[in-house]
Amino acid sequence: MQFSDSHAHVYSEQFKPDQDDMLQRAFEAGVETIFMPNIDHASIDAMLEVEARYPNQCFAQMGLHPCHVTRQFEKQLYEVETWLNQRPFAAVGECGIDLYWDKTHLAEQQEALRIQVALAKKHNLPLVLHTRDAFREAADIITAEQDGTLRGVFHCFSGTPAEAEEVIRLGFKLGIGGVATFKNGGLDKVLPGIGLEHLLLETDAPYLAPVPHRGKRNEPAYIPLVAYRLAEIMGVTGAAVAAATTRNTLELFGEADRLRK
């Protein structure tokens, strides 16, 4: 089976000791494509270095993570825009709103998201949305900005059935990761009513490792664990999950197909 990890920070410092071995394990597990969302200005070089070494498997995305939005966010977004003007990327992201760690810069996070939505429209790219403890705040902005051209994924989705339906109505996908394997993750109550055409698989590596690796460093080689749990929840085969989610990921991040040629 072939898989795609739609969201993994494989350039992270946590992978520095064994990055090549980690990626090799992913490829051997059938994970043929890995999409790398950017964090901030400090992560760009490491991300692009991984893409340069694995140009047919690892694809960079460009954005500013909400946890790195401060009062001086305009300077970082200028750098994001400069990069988007220089070369192709698979998406704008990781962007969004995070109210789990700190609510101090909510207004700045909202403005940073609106700017990155505008960049996605300008460059005809999908959005990779981070919405931890902030689904409503992020979804309201996407709703207001949706003109029929916006597309993307609500990464690390762990919301309610109503929220899942709202994401789908907005024309976005649901990113499903290790939370689906958690005993009290809640997705077993949500996913049976969702078609596979709306889902992407992700690890969010090095975070949110699936059972039985929960609490340890996550990596793309664990994508099959998420796929098999998803298959169990939805009453379909693992092969069906792998095929549909891989197709969905490559179609959403269609820029990657052009980059590979």
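All values below come from the heavy atoms of this structure, side chains included, with hydrogens, waters and symmetry mates left out. Just so you know, these numbers come straight off a predicted model, no measurement behind them.
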Check whether Y78 and L84 end up in the same hydrophobic cluster, where Ile, Leu, Val, Met, Phe, Trp and Tyr are linked by side-chain heavy atoms less than 4.5 Å apart. no

d(T245 OG1, L230 CG) to nearest 0.5 Å is 7.5 Å

Taken to the nearest 0.5 Å, the spacing of F59 CZ from F253 CZ works out to 11.5 Å

Taken to the nearest 0.5 Å, the spacing of I176 CD1 from H198 NE2 works out to 12.0 Å

Residues E79 and I44: closest non-hydrogen pair is OE2-CD1, 4.0 Å

In short, G177 meets V226 closest at the heavy-atom pair O-CG1, 3.6 Å

When rounded to the nearest 0.5 Å, the distance separating CG of D133 from CD1 of I97 is 12.0 Å

query: Between F154 and F172, what is the ring plane arrangement, given parallel below 30°, perpendicular above 60°, and tilted in between?
result: perpendicular

- Determine, using the 4.5 Å side-chain heavy-atom cutoff (strictly less than), whether M22 and L225 are members of one ILVMFWY cluster. no

query = Just wondering, more than 12 heavy atoms not from E197 lying within 6.0 Å of its CD?
reply = yes

Would you please say whether a donor-acceptor pair under 3.5 Å links the side chains of S4 and T33?
yes

Residues passing the ring pair (Phe, Tyr, Trp, His ring centres under 6.0 Å) test with Y54, sequence neighbours excluded, are F27

With no hydrogens and no angle check, is any side-chain donor or acceptor of D188 less than 3.5 Å from a backbone partner on I233? no

So CG of N56 and CD of E32: to nearest 0.5 Å the spacing works out to 11.0 Å

| query | What's the verdict on side chain to side chain contact (heavy atoms under 4.5 Å, CB included) for L252 and S6, showing C-alpha distance, side-chain angles and the deciding distance? | reply | CA-CA 10 Å; L252 179 63; S6 67; over 6 Å; no

Report task. Please lay out, stage by stage, how E51 and R87 fare under the test salt bridge (Lys or Arg N to Asp or Glu O under 4.0 Å). Result -> CA-CA 13 Å; E51 185 187 60; R87 48 146 290 172; 2.8 Å; yes

With a 4.5 Å cut-off on side-chain heavy atoms, are H130 and C156 touching? no

Any donor-acceptor pair under 3.5 Å from N248 side chain to L196 backbone:
yes

Quiz item: Backbone N or O of A205 within a donor-acceptor pair of the E219 side chain at under 3.5 Å?
Solution: no

task: Kindly indicate, with the supporting measurements, whether the criterion side chain to side chain contact (heavy atoms under 4.5 Å, CB included) is fulfilled by H9 and E94.
output: CA-CA 10 Å; H9 305 279; E94 175 174 358; 3.2 Å; yes

Side chains of H7 and Q61: any donor to acceptor distance under 3.5 Å? no

- Query: Would a 4.5 Å heavy-atom cut-off, applied to side chains only, mark E49 and Y11 as touching?
  - Reply: no

Of all heavy-atom pairs linking L170 and A139, the shortest is CD1-O, 4.3 Å

Next on the checklist: Check the orientation of Y228 and F3. Use parallel for under 30°, tilted for 30 to 60°, and perpendicular for over 60°.
Outcome noted: perpendicular

Output, in order, the C-alpha distance, side-chain angles, deciding distance and verdict of side chain to side chain contact (heavy atoms under 4.5 Å, CB included) for E111 and E108.
CA-CA 5 Å; E111 182 60 20; E108 288 88 350; 5.8 Å; no

- Query: Between E251 and K173, does at least one N-O distance fall below 4.0 Å, as a salt bridge requires?
  - Reply: no

Would you list the atom pairs, donor with acceptor, under 3.5 Å between side chains in residues 112-121 and any protein atom, with sequence neighbours excluded?
{"from": "Q116", "atom 1": "OE1", "to": "L64", "atom 2": "N", "distance (Å)": "2.8"}
{"from": "Q116", "atom 1": "NE2", "to": "L64", "atom 2": "O", "distance (Å)": "3.4"}
{"from": "Q116", "atom 1": "NE2", "to": "A112", "atom 2": "O", "distance (Å)": "3.3"}
{"from": "K121", "atom 1": "NZ", "to": "E145", "atom 2": "O", "distance (Å)": "2.6"}

Check the pair F157 / L199 against side chain to side chain contact (heavy atoms under 4.5 Å, CB included), numbers first and verdict last. CA-CA 10 Å; F157 181 81; L199 306 179; over 6 Å; no

Requested in this report: With the side chain counted from C-beta on, respond yes when P126 and V92 share a heavy-atom pair under 4.5 Å apart, and no when they do not.
Outcome: no

Hey, does E166 have a side-chain heavy atom less than 4.5 Å from the side chain of F135? yes

So do L174 and V190 actually touch side chain to side chain, heavy atoms under 4.5 Å? no

Check your understanding: Has E13 got more than 12 heavy atoms of other residues, nucleotides or ligands less than 6.0 Å from its CD?
Key -> no

In this structure, CG of L125 is separated from CE of M62 (nearest 0.5 Å) by 11.5 Å

Of all heavy-atom pairs linking A227 and L201, the shortest is CB-CD1, 3.7 Å

key: Any donor-acceptor N/O pair, R229 side chain to A180 backbone, under 3.5 Å   = yes

>> Please tell me whether H68 and Q76 have a donor and an acceptor in their side chains that are separated by less than 3.5 angstrom.
In response: no

The side chain to side chain contact (heavy atoms under 4.5 Å, CB included) partners of D21 (sequence neighbours excluded) come to D18, R25

Within the 3.5 Å criterion, strictly below it, is a donor on T203 or D5 matched to an acceptor on the partner's side chain?
yes

In terms of heavy-atom contacts, S12 and P206 come closest through OG-CG, 3.9 Å

Mind checking whether L200 and F35 have side chains closer than 4.5 Å, heavy atoms only? no

In short, V153 meets G175 closest at the heavy-atom pair CG2-N, 3.4 Å

Quiz item: Do the non-hydrogen side-chain atoms of C58 and L23 ever get within less than 4.5 Å of each other?
Solution: yes

Open item on the list: Membership question, hydrophobic clusters at under 4.5 Å side-chain separation (ILVMFWY): are M36 and Y222 in the same one?
Closed with: no

(Q) Is any side-chain heavy atom of Q109 closer than 4.5 Å to one of E137? (A) no

